Amino acid sequence: MKKKLLSLALAAVMTVSLAACGGGSGSGSSGSGSGTLVTIFNSKSEIQDQFEELANTYSDTHEGVDIEVYYSNDTVSAHMATKYASNDPYVISMVDAKDVYSLGAEHALDLSDQDWVSHTEYAISVDDKVIGFPFCIEARGVMYNKDAIKNITGKDFDPASCATLDGFKAVLEELKAGGMEAPVGIMKEDWSLAAHYFQEIYEEQDDPEAFVQSLYAGTADLANNAVFNAKMDTFDTLMAYNYAAKSPVAAERETSEQKLAEGEIAFMFGGNWDWSLIKDYNEEANLGMMPVPQNTDSDANTKLVGGGSKYFFIDSSDNISEEQVAAAKDFLNWLVSDPDGNAFLTEKCAVVPAYDNIDASALDPLSISVKEYADKGAMIDNYNYDPDDHYSVVGASMQKYLAGEIDRAGFAAEVEKYWSSTTPVEH
């Protein structure tokens, strides 16, 4: 997804060398210096540590391969453009879906003949060629602490009981009456507000592509759009019950995650990736995830929004050797077909696998919720073609709304102004 952990003080390019043992020819390495070098670009910062651990596991069964993993907090498009300009592409790049579409035709290798393709419905194809390897499934919704709710209400929480905003308000009032004065947390980060919450306003339209094109054309009437108003009605409710309502844009993400983990609050909008922080405060937190409650005539309040999140592609550059390509293909197939590769995804990275042959029973509670919705087809597809500055610009406007600096009409006008002054993303 488009997350950016603002609390991490990462350098513009952070290199973590992952050494693998073995002999053979190669073009440089991070360990013994004798293996085939596979460079990997990782744009998912919260699993950088896990990638470090991956080296030891991978080297046990793959002699002669050295892996180097790089992270950048620049936008993916800017960072990749720099690499291509210097004729120094990564062998494997982990990017967002929109980046696969924009870069794939020119830079991605055709992987249609690979074994893993038959095990997923989330691969990305361009010009009838499979080029995008789905690293995981991620989804967004309202996270809830089951135990915190039951401790006050005395009964097991049923998310179906508050699919509507009216039902959700009733639960919030019950919690408040029972002593939980402010049952909600709101992450103030621009990526959470714009790339995740507001993003669903596009994705829940009858025709997301047509709606976004109307925003580009300047013909959309956002302030009178039914989906916009339903989602903003819910956001207003979250604001009203927010524990940090007096200073909402000062609330730290880690504090909010801790409050949810420990049951001080009961609800917070987020995604299954949030477990990576929540578990640090309470590994036993009994959590779940449900669709965003809203009063709507559609079935959007019964589905999570998500799908394939990050994607790998292997670069087709002439600067990459046949040995490097072969090693890269082996690595991707290892993730899908080998128990150690599976464990890296589900246990180390705690991501929902996009492959039907991978056991996901050891996932965390949030990811289990996501898989349940995915398995029953209750997922609304991501819209993958926002401009790179969408979450920062629209996110800043939504932060103003969260802080009470603009009203709903003013917020809608700022969003419309942004879209009408930007350039459509090719796809």
Side-chain angles (χ1 to χ4, degrees), residues 1-3 38-45 47 51 69-72 75-81 83-84 89-139 195 199 203 208-209 271 273 305-317 320 324-337 341-342 344-345 349 351-358 370 374 379-388 425-427:
M1 300 277 347
K2 285 174 259 187
K3 299 185 296 300
V38 176
T39 54
I40 300 177
F41 171 53
N42 169 36
S43 60
K44 192 173 175 61
S45 58
I47 60 169
F51 261 118
V69 178
Y70 296 79
Y71 173 78
S72 172
T75 62
V76 169
S77 60
H79 181 68
M80 296 295 286
K83 297 293 289 182
Y84 287 126
Y90 298 104
V91 178
I92 300 175
S93 297
M94 178 195 284
V95 298
D96 295 319
K98 70 182 182 64
D99 301 303
V100 178
Y101 287 111
S102 62
L103 297 171
E106 182 178 358
H107 297 290
L109 197 69
D110 183 6
L111 302 174
S112 302
D113 63 347
Q114 295 299 289
D115 292 340
W116 56 262
V117 175
S118 64
H119 291 291
T120 183
E121 296 180 357
Y122 294 95
I124 289 180
S125 296
V126 173
D127 297 331
D128 297 323
K129 298 177 181 178
V130 176
I131 60 174
F133 173 104
F135 181 76
C136 61
I137 296 173
E138 292 183 322
Q199 179 76 9
E203 291 152 335
E209 179 65 24
W273 53 82
V305 178
S309 179
K310 294 292 185 177
Y311 288 81
F312 283 132
F313 72 87
I314 299 176
D315 212 282
S316 60
S317 170
I320 296 172
Q324 288 173 302
V325 168
K329 288 181 177 179
D330 286 345
F331 173 74
L332 296 187
N333 279 305
W334 175 81
L335 288 174
V336 177
S337 62
N342 297 173
F344 172 69
L345 295 173
C349 295
V351 298
V352 181
Y355 302 90
D356 59 18
N357 62 308
I358 298 179
V370 170
M379 296 272 281
I380 298 171
D381 289 339
N382 292 316
Y383 182 80
N384 295 314
Y385 313 109
D386 292 338
D388 284 332
V425 176
E426 292 184 12
H427 58 281

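On a predicted model such as this, the values are computed, not experimentally measured, just so you know. Just so it is clear, the values below take in all heavy atoms, side chains as well, and ignore hydrogens, waters and symmetry mates.
A donor-acceptor pair under 3.5 Å links the side-chain atoms of Tyr355 to the main chain of Pro134, judged by distance alone. Side-chain atoms of Asn342 come within 3.5 Å of backbone N or O of Val336 as a donor-acceptor pair. For Gln199 (side chain) and Tyr383 (main-chain N/O), a donor-acceptor pair under 3.5 Å exists by modelled atom type. Proximity of a side-chain donor or acceptor of Asp96 to a complementary backbone N or O of Ser309 within less than 3.5 Å is not detected. Judged by distance alone, with hydrogens and angles left aside, the side-chain atoms of Asp110 form a donor-acceptor pair with the main-chain N or O of Ser112 at under 3.5 Å.
The closest side-chain heavy-atom distance from Val305 to Asn382 is below 4.5 Å. Put simply, the side chain of Leu109 does not reach to within 4.5 Å of the side chain of Ile320, judged on heavy atoms. Between Phe312 and Leu335, some side-chain heavy-atom pair lies under the 4.5 Å cut-off. Counting only heavy atoms from C-beta outward, the side chains of Met80 and Leu103 approach each other to under 4.5 Å. Taking 4.5 Å as the limit, every side-chain heavy atom of Tyr70 sits out of range of all side-chain heavy atoms of His79. Under the 4.5 Å side-chain criterion, counting only non-hydrogen atoms from C-beta, Phe135 is in contact with Ile47. Taking the side chain as every heavy atom from C-beta outward, Val352 and Glu138 never approach each other to under 4.5 Å.
In this structure, Trp273 and Ala139 approach most closely via the heavy-atom pair CZ3-O, 3.8 Å. Between Gly132 and Val100, the closest heavy-atom pair is CA-CG1, 4.2 Å. The minimum heavy-atom distance between Val130 and Ala123, with the atom names listed, is CG1-CB, 3.9 Å. Considering all non-hydrogen atoms of both residues, Val69 and Asn42 come closest at CG1-CB, 3.8 Å. Of all heavy-atom pairs between Ile137 and Pro353, the closest is CD1-O, 3.7 Å. The minimum heavy-atom distance linking Val38 with Ala328 is given by the pair CG2-N, 4.3 Å.
Once rounded to the nearest 0.5 Å, the distance linking CD1 of Ile124 with OH of Tyr311 reads 4.5 Å. Taking NZ of Lys44 as the start and SG of Cys349 as the end, the distance is 8.5 Å to the nearest 0.5 Å. Here CD1 of Ile314 is found 15.5 Å from NE2 of His107. Values are rounded to the nearest 0.5 Å. Between atom CE of residue Met94 and atom CD1 of residue Ile40 there is a gap of 8.0 Å, rounded to the nearest 0.5 Å. Rounding to the nearest 0.5 Å places CD of Gln324 at 10.0 Å from CD1 of Ile92. One finds the CG atom of Asn357 at 12.5 Å from the CH2 atom of Trp116 (value rounded to the nearest 0.5 Å).
Heavy atoms of other residues, nucleotides or ligands lying less than 6.0 angstrom from CG of Asp113 number more than 12. The environment of CD in Glu209 is crowded: more than 12 heavy-atom neighbours from other residues, nucleotides or ligands sit within 6.0 Å.
Side-chain atoms of Asp356 and His119 form a donor-acceptor pair, as typed in the model, at a separation below 3.5 Å. Looking at Asp388 and Ser77, their side chains do bring a donor and an acceptor atom within 3.5 Å of each other.
Using bins of under 30°, 30° to 60° and over 60° for the plane-to-plane angle, the ring pair Tyr90/Phe41 lands in the parallel bin.
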Check your understanding: What do the steps show when you test Lys310 against Val95 for side-chain contact (heavy atoms from CB on, under 4.5 Å), and what is the final call?
Key -> CA-CA 6 Å; Lys310 294 292 185 177; Val95 298; over 6 Å; no

